[in-house]
Amino acid sequence: MRIYNTLTGKKEDFIPVNEGSVGMYACGVTVYDNCHVGHARSAIVFDVIKSYLNYRGFKVSYVRNFTDIDDKIINRAKEEGISWDEVAQKYTEEYYADMDALGVSRADLEPKATDHIPEMIEIIVDLIEKGYAYDVDGDVFFEVSKFDGYGKLSKRDMKDMMAGARVDVDERKKSPMDFALWKSSKEGEPSWESPWGPGRPGWHIECSAMSKKHLGESFDIHGGGADLIFPHHENEIAQSEAYTGKDFAKYWVHNGFITIDKEKMSKSLGNFFTIKEILDKFDPEVLRVFLLSTHYRSPIEFSDMILRETEALLDRFYSTLMRIDDFISKNSSGSGQTGETETFKKVLERFEDRFREAMDDDFNTALAIGHIYEVIREVNRYIDSKPSGDDATELLNDAVGALRVATEVLNVFNRTPKEWYVALMRSHGIPLTEDDIDNKIEMRRDARSRKDWDQADIIRDELLRSGVILEDRPDKTVWKIKIGN
RNA sequence: GGCGGCGUACCCAAGUGGCUAAGGGAGAGGUCUGCAAAACCUUUAUGCGCCGGUUCAAAUCCGGCCGCCGCCUCCA
């Protein structure tokens, strides 16, 4: 297995610190607002990585934190006229609602910053003792120049950064690059007792404290969005390695951004969509598949058009699944293998290897999905070749089983066709019930049996205008939801 | 300014030295169908931003140029 490591800038063979087990920490969210699709990408990427590592037989400990104290939370509390912890509580719940919808599983541990204040203070005290940090008027700063490796993750050196440093620097810092480990709090702000007076932790220290507590001083994978490389992850390395004297995380994994009109989607630019906004119009699985159909390190351009294409992609999968179900339910006995049988078998046999190869190569979900669709095409080709008998049923069941291995790891394509179409009916806002549609199909069946084609077409057109497609099979008529405009 | 990345068909996208450049969408033609839809078949890059170089062999490595983007500030 190979993983791209931001620290070395290369794909490396994955060799965990302790054989057979993996400690993984991904930076979660600051709970001060609803999540946008950028947060969804990060969450889904690490969800799949965790799931794949499990599939590969590793015992995974996955930690994803919540930053539940921060300036933005405090500001938000003021705006909404509620307390900071109510803000954190509210948006933690919203986070779970969004992530549950997207099929993101819970991490093994989901620690909160405010539950680890003593651990953070312990590290800060030690860093001061060791000469890596200094306190001024109740604030504590990490002195970047004391840590030799500073800049090794983000590949920049102190000189360059000085040149680009911002003007509004805190005058009390020894260097503009120094960052806060502890911030004194103003009157009325949330605070915790500390050796430096009442205050709250700086942003970076929580991850050092929580990863150490739950995964140990050195662990395997640390991840997050690419915008966390500097300064957040760089600062984590400085704090943690200065404190323990050991290597911190071995592999640094960063997901790319979502862009709109080629620009990074971000809060500050205002060009973002919340997950909730997207889920008003699209099924959550569409968003998940969309985010996995590009390699996790590449930027993804976000648009309605591409989501509609993804919807069509998913529909192709579920349509095929429906054909398989159909075929199996009315398959006659006997043995009627066809010229396609051998090719179909071959594609099935090598599918899991190809899936694994793709995922082993830095979690190439896009390629993995491509392989899934090769199987889909083969399934259709096979059914078109009109096989029959128990062997055919068994082969198609094998196909479903082979696909399931992959679809469970990715946690996509796991519903029944029926569930998919019912979900689409909702996300497309089609004001019909399944019974409504079944009644129309019944009426049309009568018309067709009278060879009243005009009446049959009227019914079909009427449903089509509502977004429902009818497909006539030899023995029955099935319905689907129309994709696209 | 410093550092990093990207540029593959009409669109999205995989591919980082060697089989006919995955997969999806869109378009065209065909098979099937009462007509459709779906599915399948054929078709759409002798070509991978441009120009050189290395090599028996390059989308893939090296150099230059052009274009786009990101980080350097809270940010997934």
Side-chain angles (χ1 to χ4, degrees), chain A residues 6 9 11 26-30 32 35-46 70-72 151 154-157 159-166 168 177 203 223-232 234 254-259 262-269 272 289-290 293-295 297-301 303 305-306 308-317 319-320 322-323 340 354 358 361 364-374 376-377 379-385 448 451-454 456-457 460-461 464 469-474 477-480 482-484:
Chain A
T6 308
K11 274 188 206 171
C27 290
V29 293
T30 301
Y32 76 105
C35 291
H36 60 67
V37 293
H39 299 104
R41 184 179 197 187
S42 198
I44 289 169
V45 163
F46 290 100
D70 165 274
D71 287 353
K72 288 194 290 273
S154 53
K155 314 279 187 288
R156 58 193 80 200
D157 64 47
K159 286 201 305 288
D160 300 336
M161 289 192 282
M162 297 305 232
R166 284 302 164 110
D168 56 337
M177 294 317 300
W203 174 33
D227 43 8
L228 298 182
I229 295 171
F230 189 89
H232 184 55
E234 196 69 72
H254 293 98
N255 63 275
F257 302 125
I258 291 176
T259 60
K262 308 271 266 178
E263 273 191 325
K264 179 188 170 188
M265 177 186 291
S266 73
K267 287 285 226 192
S268 38
L269 286 169
F272 63 90
V289 170
F290 162 67
S293 60
T294 298
H295 185 91
R297 281 188 285 119
S298 305
I300 303 186
E301 174 73 11
S303 68
M305 188 190 81
I306 189 72
R308 275 198 296 271
E309 284 185 12
T310 307
E311 200 173 66
L313 178 85
L314 269 146
D315 197 63
R316 180 166 160 77
F317 187 94
S319 287
T320 304
M322 191 153 89
R323 281 194 88 188
E340 287 300 319
R354 301 186 82 190
D361 186 11
N364 195 337
T365 54
L367 183 57
I369 290 171
H371 293 330
I372 288 173
Y373 278 85
E374 274 179 83
I376 290 298
R377 193 189 57 223
V379 166
N380 281 308
R381 208 197 296 247
Y382 180 66
I383 294 177
D384 278 358
S385 74
R448 292 185 78 215
K451 298 216 188 303
D452 184 352
W453 307 125
D454 285 347
D457 289 352
R460 185 171 61 194
D461 290 347
L464 183 60
I469 294 177
L470 296 188
E471 287 182 17
D472 294 325
R473 303 289 166 83
T477 295
V478 299
W479 61 270
K480 293 177 171 182
K482 186 175 186 291
I483 303 299

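Convention: sequence-line order gives letters A, B, ...; per-chain numbering from 1. Quantities reported herein were computed from a predicted structural model and do not represent experimental measurements.
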Between N380(A) and A38(B), is there a contact of a side-chain N or O with OP1 or OP2 at under 4.0 Å? no
Have a look at I376(A) and say if it touches a base, only the backbone sugar-phosphate, or nothing, with a 4.0 Å heavy-atom cut-off. nothing
Does G256(A) reach a base, just sugar-phosphate, or nothing at all? Heavy atoms under 4.0 Å. base
Within the 4.0 Å heavy-atom criterion, would you say I258(A) contacts the bases, only the backbone, or no part of the nucleic acid? base
Tell which nucleotide pairs with C19(B), taking only Watson-Crick or G-U wobble pairs whose two distances are both under 3.5 angstrom. none
When R377(A) and L228(A) are each assigned the nearest nucleotide of RNA chain B, the 5'-most assignment goes to R377(A)
Quick check for you: to the nearest 0.5 Å, what is the distance between S319(A) atom OG and I483(A) atom CD1? 8.0 Å
Round to a whole Å and report the spacing from CE of M322(A) to C1' of A39(B). 12 Å
So what does K264(A) touch, heavy atoms closer than 4.0 Å: a base, only the sugar-phosphate, or nothing? base
Least distance between heavy atoms, Y373(A) atom then L313(A) atom: OH-O, 2.6 Å
Starting at CZ of R323(A), measure out to CD1 of I383(A) and round the result to the nearest 0.5 Å. 5.0 Å
In the structure shown, which nucleotide is the Watson-Crick or G-U wobble counterpart of G47(B), with both distances under 3.5 Å? none
Measure all distances between protein nitrogen or oxygen atoms and nitrogen or oxygen atoms of nucleotides 59-61 of chain B, and list the pairs falling under 3.5 Å.
none

Please report the distance, rounded to the nearest Å, between CZ in R316(A) and P in G24(B). 5 Å
Taking atom C1' in both U8(B) and C48(B), what distance in whole Å separates the two? 4 Å
What integer distance in Å separates D157(A):CG from C71(B):C1'? 15 Å
May I have the distance from L269(A) (atom CG) to U73(B) (atom C1'), rounded to whole angstrom? 13 Å
Which of A76(B), G23(B), G34(B) is nearest the side chain of E374(A)? It is G23(B)
I'd like to check I306(A) versus E301(A) (side-chain heavy atoms, cut-off strictly below 4.5 Å). Are they in contact? no
Could you tell me how far U42(B) sits from C51(B) if I compare only their P atoms? Round to whole Å. 33 Å
From the options G34(B), U16(B), C40(B), select the nucleotide whose nearest atom is closest to the side chain of D457(A). G34(B)
d(CG, D227(A); P, A76(B)) in whole Å: 6 Å
Listed nucleotide nearest any side-chain atom of F257(A), set A76(B), A14(B), G23(B): A76(B)
Checking only heavy atoms, does the side chain of R381(A) share a donor-acceptor pair with the base of C41(B) at less than 3.5 Å? no
Are G23(B) and Y373(A) stacked, with the base six-membered ring and the side-chain ring centres under 5.5 Å apart and planes under 30°? no
Distance-minimising heavy-atom pair for K480(A) and E471(A): NZ-OE2, 2.8 Å
Base-pairing assignment for G67(B) (Watson-Crick or G-U wobble, both under 3.5 Å): C6(B)
For F272(A), which residues count as a side-chain contact (heavy atoms from CB on, under 4.5 Å) partner, sequence neighbours excluded? H36(A), M265(A), K267(A), T274(A)
Quick check for you: to the nearest 0.5 Å, what is the distance between E309(A) atom CD and L314(A) atom CG? 12.5 Å
Minimum heavy-atom separation for S42(A) to N255(A), with atom names? OG-OD1, 3.0 Å
How far does the C1' atom of G15(B) sit from the matching atom of C61(B), given to the nearest Å? 16 Å
Of D361(A), V45(A), N364(A), which is the lone residue that meets side chain to side chain contact (heavy atoms under 4.5 Å, CB included) with H295(A)? N364(A)
Rounded distance [0.5 Å steps], CZ in F290(A) versus CD1 in I44(A): 10.5 Å
Could you work out, with ring-ring contact (aromatic ring centres under 6.0 Å, His included) as the rule, every residue matching F46(A), not counting sequence neighbours? none
List for me each residue that meets side-chain contact (heavy atoms from CB on, under 4.5 Å) alongside I229(A), sequence neighbours excluded, and say none if there are none. T6(A), L153(A), S154(A), A226(A), H254(A)
G70(B) phosphate, OP1 or OP2: any side-chain N/O from R297(A) under 4.0 angstrom? no
Charged N-O contact under 4.0 Å between D384(A) and R381(A): no
Ignoring the backbone of A456(A), work out which of A14(B), C71(B), G34(B) is nearest its side chain. G34(B)
Work out how far the C1' atom of G64(B) is from that of C19(B), and round it to whole angstrom. 33 Å
When you get a sec, tell me which of G70(B), A38(B), C74(B) is the closest nucleotide to the side chain of K480(A)? A38(B)
Classify G370(A) by what it touches in the nucleic acid, base, sugar-phosphate, or nothing, heavy-atom distance under 4.0 Å. base
So, are E374(A) and R354(A) salt-bridged, with charged N and O less than 4.0 Å apart? yes
Residue R156(A), side-chain heavy atoms: nucleotide from G2(B), C74(B), A39(B) that is nearest: G2(B)
Take atom C1' in A13(B) and the same atom in A45(B), then report the distance between them in whole Å. 14 Å
Anything under 3.5 Å between a protein N or O and an N or O of nucleotides 27-33 of chain B, put it in a table, one pair a line.
none

For the pair made of CZ in R473(A) and P in G34(B), what is the distance, rounded to whole Å? 15 Å
Shorter than 3.5 Å, N or O on both sides, protein versus nucleotides 6-13 of chain B: list them out with atom names.
none

Nearest-Å distance, CD1 (I483(A)) to C1' (A26(B))? 15 Å
Watson-Crick or G-U wobble partner for A39(B), using a 3.5 Å limit on both distances? U31(B)
Given the C1' atoms of C32(B) and U20(B), what is the spacing between them in whole Å? 29 Å
I need the L367(A) CG to I372(A) CD1 distance, nearest 0.5 Å. 10.5 Å
S319(A) or A312(A): which one's nearest nucleotide on RNA chain B is closer to the 5' end? A312(A)
Categorize R460(A) for me: base, sugar-phosphate, or nothing, with a 4.0 angstrom heavy-atom threshold over every strand shown. base
To the nearest 0.5 angstrom, please state how far the CD atom of E263(A) sits from the CG atom of L269(A). 5.5 Å
Could you measure between the two C1' atoms, the one in A22(B) and the one in C74(B), and give it in whole Å? 40 Å
Rounded C1' spacing from C65(B) to G24(B) in Å: 34 Å
Counter-base of A58(B), judged by Watson-Crick or G-U geometry with both distances under 3.5 Å: none
How close or far is atom P of C40(B) from atom CG of D384(A), stated in whole angstroms? 7 Å
